[in-house]
Amino acid sequence: MDTNKSFKRKVITKLGNKLNKILSKTIKRRKEKPNTETPVQIPSSLPPVQQIPSSPLPPTDSTMSDKHHRTSPFCFPRGQSTVLPDPSRFFSPNLLSSPLPTNSFFQNYCLNNGTQPEYIHPYLIKSSLTSLSISSPSRYHTPAFIYQTFTADLTISSTSNPSQTHQISSYHDLSITLDLPPSLRFYLVRGSPYVTFTTLAGPTDLSFSTVHAILSLTPNDSCTKYTLTMNSGQTFIIYSSSPLNLEQSNNSLLTAKGFSGFVRIAVLPDPSYEQVLDQFSSCYPVSGEASMNRPFCIEYNWVKKGWGELLLLAHPLHLKLLSDDSSVTVLDGFKYRSIDGDLVGVVGDSWVLKADPISPTWHSMKGVSEDGYDEITSALRKDVESLKSNPITTASSYFYGKAIARAARFALIGEEIGCKDVIPTIQQFLKSSITPWLDGTFNGNGFLYDKKWGGLVTRMGVADSGADFGFGVYNDHHYHLGYFLYAIAVLAKIDPSWGRKYMPQAYAMAADFLTLTKKSGATYARLRCFDMWKLHSWAGGLTEFADGRNQESTSEAINAYYSAALLGLSYGDTHLAAVGSTLMAFETRAAQTWWHVREGEGLYEEEFAKENRVVGVLWNNKRDSGLWFAPPEWRECRLGIQLLPLLPVSEVVFEDVGFVKDLVQWTLPALERDGVGEGWKGFVYALEGIYDKSTALEKIRGLKDHDDGNSLSNLLWWIYSRDDGCEGLVEGIRCCWYRHYGR
């Protein structure tokens with residue numbers, strides 16, 4: 001047995017390495033020859049086209065073509081929203097001509113009055129329009145939630161004719177530049193132990209105030225470093241590029257006259273850290289970008305000023321994924337507390353993060369047991385037959401997307417078990433259900449393009465911010481569109497002529513949340529939902545929240561990137577497949593790190609970890625055991641929302657069998673409650689099937705109903721593709737069979 005396991009690991013490793021080499025060559029060729037690339041060999045199921053788009057998300061000046069005609073990138077009809085905020089108040093005028101972020105780490109700074117704080121690790125930072133306050137947050141926790149509290153530990157302002165608002169002068173994946181005109185510019189860089197600002201308009205009078213009492217203020221000989229202690233027990237160090245000459249006006253206010261240069265402020269969590277902060281205080285980052293130049297790899301690069309080396313902080317997932325390709329030094333003994341786990345010092349201005357490859361397979365990763373073929377076939381025929389008499393009646397983009405994705409699953413299950421005679425019925429259902437959303441003939445709703453922020457909205461959402469779960473204000477875009485892309489990918493696979501016809505619309509939908517470029521003239525915002533620093537998505541949209549952005553369902557986020565990868569496979573677009581797979585892999589690791597709660601792991605307080613096995617809603621500054629639609633006691637909903645939709649990739653997300661056992665055992669008592677939905681039970685039993693196939697199968701057979709995105713066919717497919725009596729990590733599921741790439 002051990003020999004077999006060793007052999008499997010060697011095979012998986014070789015396949016993963018081969019995949020990386022193939023995809024790296026693909027991306028490298030695209031970078032070197034973006035306009036002259038040799039067409040990719042298209043899968044035999046899809047008639048060839050002359051040119052596959054060289055990017056998954058073509059910029060506005062690119063074209064898509066087939067051998068018969070050329071078309072410009074598709075754009076949905078223009079929509080005029082009455083519910084979207086005006087971005088011009090807070091963004092610099094030079095930024096307004098390009099699409100703007102709608103789920104970013106700094107979103108609160110451009111919503112309503114712009115005065116809600118944002119967690120820019122390791123500080124909560126709040127703008128009051130004419131001043132900026134820094135908080136080294138304390139943490140409050142109960143068995144039900146964890147959150148960090150904001151206190152204005154230090155507030156910086158200029159007395160030189162401040163304007164009445166702040167302005168976002170630039171933003172990047174890893175940073176934002178926030179101006180307090182006309183005098184101050186703050187470089188807010190994620191993971192920086194220092195908050196850095198510079199003066200803009202020559203000598204400036206500065207004010208540093210605090211809600212605490214100042215106990216001592218100690219300068220160095222040159223007055224370029226001050227150590228500030230407060231009655232809160234906190235110590236801050238203030239560095240400056242020239243003498244700051246701070247004076248204490250009262251027990252909570254410091255002033256400096258006529259200063260010009262840069263200032264860096266850092267909290268001192270441990271006296272032993274002072275030497276490290278001193279050493280790196282003269283090199284400061286002004287911006288930071290992330291890039292995906294290789295599959296399953298994200299690279300960070302910071303622009304820095306000053307002299308010396310750059311000190312930043314890495315969260316726990318960064319540390320797990322830091323590659324040997326990174327020329328960095330990790331300072332294991334230099335740590336700042338965070339709601340996301342300890343932030344550890346890293347010296348270096350370029351990082352490389354690598355995730356394990358994950359395959360976007362159409363079918364189960366290890367095959368369906370032939371013992372289940374008859375039972376699955378019987379259920380499948382009934383489910384497919386019901387499509388004829390049960391048309392989709394909802395106009396909601398979310399529930400409609402779930403319904404068509406559910407039907408698309410039937411086609412792939414039929415393919416896998418050899419029940420292909422059901423596919424024509426499914427094909428017709430998908431064509432009649434999807435096409436009206438793509439050609440604008442759907443009655444009651446549809447996709448529109450919003451020019452103001454640069455993205456898709458819905459007809460229902462342009463006048464009602466609550467319609468379609470807030471899709472019209474950019475909430476949950478990857479959830480809704482992910483379901484549509486899954487169904488489109490499957491239909492394009494089984495009906496290539498339809499796929500060619502509606503390829504522009506499909507790419508436009510993918511572009512809404514998968515665009516990589518930030519160049520002027522782009523149609524959609526860069527990576528609308530995915531956070532390149534946290535390595536997972538956000539779903540909050542343009543709604544102000546005291547705790548920043550949030551995300552409830554990681555599995556629906558994973559589905560979005562998985563579906564985009566499948567779309568790439570359908571169209572023979574290796575670049576789209578690679579980008580979707582890469583984001584899917586990082587989102588999966590983030591879900592396992594922050595949403596899956598393991599008692600004794602130490603990431604969260606033990607009081608919270610003991611009571612929970614999954615987070616309900618994860619906020620930038622909070623962990624909540626409740627859901628948007630259910631209280632913490634409804635554990636079956638918490639499990640289900642982290643699993644649906646049930647897909648081949650779900651096995652990778654829940655590959656830790658020991659954790660799955662704990663999660664299911666934690667959930668099962670909740671099923672005794674009156675009124676528990678049968679659909680939620682189905683997801684619990686699906687996970688139980690990972691380690692107890694026979695018991696789960698009997699429970700699934702007894703279900704009277706299923707989630708609107710699930711079915712008996714899908715549950716049986718899942719159970720019969722499980723191993724018997726798995727322990728540890730499920731083996732053989734990360735091998736990446738990119739068959740189309742190797743042709």
Side-chain angles (χ1 to χ4, degrees), residues 117-119 121-124 135-151 269 313-320 335-344 531 534-540 545-555 557 587-643 653-654 656 658-670 673 680 684 687:
E118 287 285 16
Y119 186 39
H121 299 63
Y123 301 104
L124 278 169
S135 173
S136 178
S138 56
R139 203 142 84 227
Y140 182 79
H141 58 87
T142 73
F145 54 82
I146 305 170
Y147 68 87
Q148 298 181 137
T149 58
F150 176 86
T151 304
L313 300 171
H315 58 57
L317 188 52
H318 284 147
L319 295 173
K320 292 177 184 178
K335 298 180 180 180
Y336 279 63
R337 289 190 72 211
S338 160
I339 196 169
D340 295 301
D342 285 343
L343 307 175
V344 177
D531 185 325
K534 277 301 299 293
L535 304 176
H536 64 74
S537 301
W538 297 113
F545 294 108
D547 292 303
R549 301 307 91 197
N550 69 83
Q551 178 164 265
E552 187 174 56
S553 176
T554 57
S555 51
E587 187 90 37
T588 296
R589 289 304 304 271
Q592 293 168 338
T593 299
W594 286 302
W595 275 262
H596 298 181
V597 182
R598 295 166 174 83
E599 191 173 0
E601 187 177 48
L603 185 69
Y604 298 132
E605 281 81 358
E606 198 58 29
E607 181 183 24
F608 182 84
K610 184 178 180 180
E611 183 65 23
N612 300 281
R613 285 298 162 269
V614 282
V615 172
V617 179
L618 186 143
W619 300 78
N620 197 21
N621 192 47
K622 183 182 181 181
R623 303 293 181 267
D624 200 331
S625 60
L627 299 169
W628 286 106
F629 62 92
E633 296 75 24
W634 294 14
R635 293 179 175 182
E636 74 285 356
C637 295
R638 272 200 272 170
L639 178 150
I641 206 66
Q642 299 304 329
L643 177 58
V653 183
F654 291 94
D656 184 342
F659 171 73
V660 170
K661 283 184 178 180
D662 288 345
L663 173 59
V664 172
Q665 293 304 313
W666 172 83
T667 307
L668 284 174
R673 200 180 65 251
W680 297 112
V684 180
L687 285 191

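Keep in mind that what you see is a predicted model, and the values were worked out from it rather than measured. Residue numbers count from 1 along this sequence.
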### Task
Run the salt-bridge test on R549 and D531 with the 4.0 Å N-O cut-off and return the result as yes or no.
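Salt bridge flag = no for D531 with R549.
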### Message
Could you check whether R673 pairs with E633 (Lys NZ or Arg NE/NH1/NH2 to Asp/Glu carboxylate O, under 4.0 Å)?
### Response
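Answer for the salt bridge query: no.
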### Query
How are the rings of Y147 and Y140 set to each other: parallel, tilted or perpendicular (split at 30° and 60°)?
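Taking Y140 first and then Y147, their aromatic rings sit tilted (interplane angle of 30° to 60°).
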#### Entry: Parallel, tilted or perpendicular: rings of Y123 and Y336 (30°, 60°)
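Ring orientation, 0 to 90° scale: perpendicular.
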### Message
My understanding is that only residues two or more places apart in sequence, or in another chain, count here; which of them pass side chain to side chain contact (heavy atoms under 4.5 Å, CB included) with S553?
### Response
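Per chain and number, S553 pairs via side chain to side chain contact (heavy atoms under 4.5 Å, CB included) with Y479, S555, E556, I641.
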### Task
Quick one: list whatever passes side chain to side chain contact (heavy atoms under 4.5 Å, CB included) with K320, sequence neighbours left out.
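K320 satisfies side chain to side chain contact (heavy atoms under 4.5 Å, CB included) with L317, R589, T593 only.
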### Message
Using only atom types and a distance under 3.5 Å, with no angle test, would you say the side chain of E599 pairs donor to acceptor with the backbone of E606?
### Response
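Judged by distance alone, no pair lies under 3.5 Å.
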### Query
Looking only at atom types and distance, does a side-chain atom of R598 sit under 3.5 Å from a main-chain N or O of R613, one as donor and one as acceptor?
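No; judged by distance alone, with no hydrogens or angles, the pair does not exist.
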[X] side chain near [Y] side chain, heavy-atom distance below 4.5 Å:
{"X": "Q592", "Y": "F659", "answer": "no"}
{"X": "E118", "Y": "L124", "answer": "no"}
{"X": "L668", "Y": "Q665", "answer": "yes"}
{"X": "L343", "Y": "R337", "answer": "no"}
{"X": "P632", "Y": "R638", "answer": "yes"}

### Message
Pair N550, W628 - check side-chain contact (heavy atoms from CB on, under 4.5 Å), show working.
### Response
CA-CA 11 Å; N550 69 83; W628 286 106; 3.4 Å; yes
Specify the closest pair of heavy atoms between [X] and [Y], including all atoms of both residues, with the distance to one decimal.
{"X": "G341", "Y": "P316", "result": "CA-CG, 3.9 Å"}
{"X": "L535", "Y": "A590", "result": "O-CB, 3.4 Å"}
{"X": "V597", "Y": "A609", "result": "CG1-CA, 3.7 Å"}
{"X": "F150", "Y": "P117", "result": "CD1-CB, 4.2 Å"}
{"X": "F608", "Y": "A144", "result": "CE1-O, 3.6 Å"}

Quick one about [Y] and [X] (side-chain donor to acceptor, distance below 3.5 Å, no hydrogens or angles considered), yes or no?
{"X": "Q551", "Y": "E587", "result": "yes"}
{"X": "T667", "Y": "E636", "result": "no"}
{"X": "N612", "Y": "R635", "result": "no"}
{"X": "H141", "Y": "E607", "result": "yes"}
{"X": "S135", "Y": "T151", "result": "no"}

Do any side-chain atoms of residues 614-623 form donor-acceptor pairs under 3.5 angstrom with protein atoms, and if so which ones, sequence neighbours left out?
unit_1: N620; atom_1: ND2; unit_2: Y119; atom_2: O; d: 3.3
unit_1: N621; atom_1: OD1; unit_2: Q148; atom_2: NE2; d: 2.6
unit_1: N621; atom_1: ND2; unit_2: Q148; atom_2: O; d: 3.0
unit_1: N621; atom_1: ND2; unit_2: D547; atom_2: OD1; d: 3.4
unit_1: R623; atom_1: NE; unit_2: Y604; atom_2: OH; d: 3.0
unit_1: R623; atom_1: NH1; unit_2: W619; atom_2: O; d: 2.7
unit_1: R623; atom_1: NH2; unit_2: D340; atom_2: OD1; d: 2.1

Separation of [Y] [atom2] from [X] [atom1] (nearest 0.5 Å):
{"X": "L643", "Y": "F654", "atom1": "CG", "atom2": "CZ", "value": "5.5 Å"}
{"X": "I339", "Y": "W594", "atom1": "CD1", "atom2": "CH2", "value": "11.5 Å"}
{"X": "T588", "Y": "H536", "atom1": "OG1", "atom2": "NE2", "value": "13.0 Å"}

#### Entry: side-chain contact (heavy atoms from CB on, under 4.5 Å) partner of H596, the single match among L663, V653, D662
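Output: one option passes, namely V653.
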### Query
Cationic tip of K661 within the cone over W666's six-membered ring, i.e. under 6.0 Å and within 45° of the normal?
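Here K661 fails the 6.0 Å and 45° test against W666.
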#### Entry: Check against side-chain contact (heavy atoms from CB on, under 4.5 Å), E611 and T142
CA-CA 9 Å; E611 183 65 23; T142 73; over 6 Å; no
